[in-house]
Protein chains: 2
Amino acid sequence: MAGIKEISKITGLSLATVSRVFNNSSLVSPKTRAKVMKAAASIDYQPNIMAASLRSGKSKIIGVVVPEVNNYFFSGIINGIEQIVSDSGYNIIISQSHESQEKENEALNSFLKLQVDGILISISKETTDFSSIQKIIKSNVPVVFFDRVPDLKNINSVTLNDYKGGYMATEHLLNENCKNLLHISGDSKVSIFGERQKGFLDAILNKNSIEYTIVELTSSIEMDREILKKTFETNPKIDGIFAYGDEMGLHVLNLLKELHIDIPGKVKLIGFGNANFSGLTQPKISTVDQECSQMGELTATLLLNTLKNSKSGPKTKVLSPRLIVRESSLSTKV
Amino acid sequence: MAGIKEISKITGLSLATVSRVFNNSSLVSPKTRAKVMKAAASIDYQPNIMAASLRSGKSKIIGVVVPEVNNYFFSGIINGIEQIVSDSGYNIIISQSHESQEKENEALNSFLKLQVDGILISISKETTDFSSIQKIIKSNVPVVFFDRVPDLKNINSVTLNDYKGGYMATEHLLNENCKNLLHISGDSKVSIFGERQKGFLDAILNKNSIEYTIVELTSSIEMDREILKKTFETNPKIDGIFAYGDEMGLHVLNLLKELHIDIPGKVKLIGFGNANFSGLTQPKISTVDQECSQMGELTATLLLNTLKNSKSGPKTKVLSPRLIVRESSLSTKV
DNA sequence: GTGAAAGCGCTAACAT
DNA sequence: ATGTTAGCGCTTTCAC
């Protein structure tokens with residue numbers, strides 16, 4: 001591995017000067033800079049980040065923890081992050097928690113050992129013990145939470161207004177003349193699902209003659225199907241469904257087809273998340289967009305700013321969701 | 001940041017001894033080891049990987065480059081890799097090329113600067129210039145290619161037998177009595193798509209009275225739809241379609257529904273990749289499974305072995321695909 | 001089984 | 001504008 005020493009030898013300049021060239025210090029003459037760059041090219045020089053980090057205390061690495069990478073929403077966020085971070089000289093490293101508290105802690109520890117300069121994280125559904133997270137915060141590594149945030153004070157966060165999203169989705173069903181709603185909720189202890197549920201309830205509040213059911217599904221899809229089947233049998237008057245996610249929406253679509261219940265004829269359906277397949281189903285699933293790319297960009301920007309002006313106090317940003325009306329929730333075919 | 005020095009101070013032992021404890025050197029007495037561990041726990045010690053790497057020349061980091069992370073296949077591979085690597089003490093860092101040669105090179109360079117111990121990569125569709133890759137290989141960082149491999153000699157690789165997959169898919173359509181086949185191909189210059197196409201052609205070879213068409217789609221989905229529409233108009237006798245991927249299969253499904261052509265009644269369809277949504281469509285899409293998890297595991301194992309026995313010569317592994325028959329290709333409804 | 005000391009490649013005072 | 005030098009936190013001979 002050819003290093004800075006080699007370049008110093010070739011050019012006859014000191015290590016310091018060579019180093020300065022690569023750190024864009026203004027205190028180098030153009031001639032010297034050119035000479036160094038030429039030598040660097042000739043030996044195919046790659047700066048050793050490890051050494052630089054060790055000395056400077058800055059690794060130029062940002063750690064990102066997401067529950068799952070194979071997910072339209074999170075991968076959209078990652079793309080947003082990459083976009084912002086790419087020309088700032090930082091590298092990002094991605095870890096998946098696979099919705100496990102343990103793996104999340106492992107990832108966080110790895111990041112610490114790697115001396116990352118900052119951490120971006122959306123916590124797992126399972127995470128209820130925030131001690132690891134608080135350890136990180138105390139260790140003075142800046143953290144920005146996105147989408148799924150822990151219930152802690154004084155943290156940086158970028159979230160979606162899930163309450164509003166739930167409200168909008170429900171309101172849309174009501175506008176389409178649904179009278180008997182079903183909300184298929186995720187685990188309401190997870191912040192985002194709880195908020196969507198609240199939005200659902202508040203949209204119905206004060207509306208007359210609207211009935212509703214809520215089922216909270218947290219198990220396997222096979223079990224969920226059975227529960228839903230029972231729900232439809234018990235409650236055949238259901239004419240509007242708000243599913244907490246598009247994937248669940250797709251399952252509902254298939255289940256109702258099996259039960260020979262027409263969507264949107266008999267029952268209207270709306271999902272959440274604007275997954276890539278939601279516009280490709282039959283009928284196309286109405287949904288709520290989560291502005292993932294924007295969320296990624298904001299999250300990264302927030303961290304980058306914190307990295308610049310060390311102490312600026314915790315910042316919070318809440319994005320507004322966007323209703324996307326497609327075929328599954330419309331009485332009039334499009 | 002509490003370091004090894006701190007522990008040395010607390011325990012009264014030398015730096016060397018403390019270091020040995022964390023490196024599982026056998027030359028430490030159990031008593032000493034216990035004392036060190038206790039001290040480490042008391043100050044919440046995290047080893048500094050940067051410093052260790054710098055000194056030892058081993059970063060314990062493996063870099064992974066994939067075209068896209070939001071993709072059932074690649075994320076499956078990543079999971080496979082994680083599984084193998086997790087209890088080996090290595091960290092993995094993931095970069096996306098987004099199918100761009102330039103971003104791929106950037107990722108590779110970042111890895112080099114980070115002094116990764118090894119690289120796992122599936123090259124982008126765009127990559128035709130292998131100079132960056134050859135640079136890495138020459139730099140003695142072990143590389144294992146998976147799925148999409150460059151046309152180079154003496155490389156480690158784990159691939160799917162895409163030829164066989166194409167053959168199987170086509171044979172299946174023939175067995176279902178299709179007489180006029182359409183193969184929707186990806187860019188045949190990309191190794192995997194070229195192989196699938198060859199498999200398609202060979203399966204038809206020597207079969208009597210089978211007609212076929214191949215369209216190679218490499219542009220946007222809107223353009224692709226137009227091309228396909230024309231193809232069906234020009235060639236109304238098509239009764240079997242082999243699409244190079246499940247996403248394209250889904251598009252075909254929707255397009256044919258618009259054109260009021262029944263699947264599988266009038267036309268049989270098979271995709272490739274076993275994407276997560278392919279079993280959730282109406283009808284469910286028949287496909288070819290790529291054994292992604294197994295591929296990830298093998299890829300990681302191959303690298304880990306190379307990392308152990310430095311020079312063992314390039315290894316090559318080819319996996320067999322698995323036919324998954326669902327509704328879209330069956331005459332008899334399931 | 002343990003310790004002393006050199007040094008990995010680079011940066012950042014400080015000096016010139 | 002350039003050079004000298006100390007040292008980041010750890011590993012690793014070599015000595016005892």
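In what follows, chains are A, B, ... by sequence order, proteins preceding strands, each numbered from 1.
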| task | Check B/N23, B/T17, B/L15 against B/S19 for a side-chain contact (heavy atoms from CB on, under 4.5 Å) and give me the one that passes. | result | B/N23
| 5' precedence on DNA chain C between B/R55 and B/A16 (nearest-nucleotide basis) | B/A16
| request: Please name the pair of heavy atoms, one in A/R33 and one in A/V21, separated by the smallest distance, quoted to 0.1 Å. | output: NH2-O, 3.2 Å
| said: Please confirm whether the shortest side-chain N or O distance from B/S56 to OP1 or OP2 of D/dC10 is below 4.0 Å. | reply: no
| Just checking B/S53: base, sugar-phosphate only, or nothing, at a heavy-atom cut-off of under 4.0 Å? | nothing
| query | Rounded to the nearest Å, what distance is computed from the CG atom of residue A/N48 to the P atom of nucleotide C/dG7? | reply | 18 Å
| message | Whole angstroms only, please: what is the NZ-P distance between B/K60 and D/dG9? | response | 22 Å
| field | Short side-chain N/O contact to C/dG3 OP1/OP2 from B/T17, under 4.0 Å | value | yes
| task | Using heavy atoms to find the nearest nucleotide of DNA chain C for B/L54 and B/S14 separately, return the residue whose nucleotide is more 5′. | result | B/S14
| query | OP1, OP2 of C/dG9 versus side-chain N and O of A/Y45: anything below 4.0 Å? | reply | no
| task | Name the closest nucleotide to the A/R20 side chain, picking from C/dA4, D/dG3, D/dA1. | result | D/dG3
| Given atom CD1 of B/I43 and atom C1' of D/dG9, what is their separation to the nearest angstrom? | 13 Å
| task | Round to a whole Å and report the spacing from CD1 of A/I49 to C1' of C/dC8. | result | 16 Å
| request: Output yes when at least one side-chain N/O atom of A/T32 is less than 4.0 Å from OP1 or OP2 of D/dT2, else no. | output: yes
| Nearest-Å distance for atom pair CG/P, residues A/L15 and D/dC8 | 18 Å
| When the distance from NZ of A/K35 to P of D/dA1 is rounded to whole Å, what number comes out? | 15 Å
| query | Can you check whether A/S19 has a side-chain N or O nearer than 4.0 Å to OP1 or OP2 of C/dA12? | reply | no
| remark: Separation of C/dG9 atom C1' from B/L112 atom CG, nearest Å, is 15 Å
| Distance test, side-chain N/O of A/N23 to OP1/OP2 of C/dT11, below 4.0 Å | yes
| request: Answer yes or no: is there a side-chain heavy-atom contact under 4.5 Å between B/L307 and B/P142? | output: yes
| Student check: side-chain heavy atoms of A/F145 and A/T159 closer than 4.5 Å | no
| said: Tell me the interatomic distance from A/K113, atom NZ, to D/dG9, atom C1', rounded to whole angstroms. | reply: 15 Å
| request: Please check if any side-chain donor atom of A/E106 sits under 3.5 Å from a side-chain acceptor atom of A/S110, or the reverse. | output: no
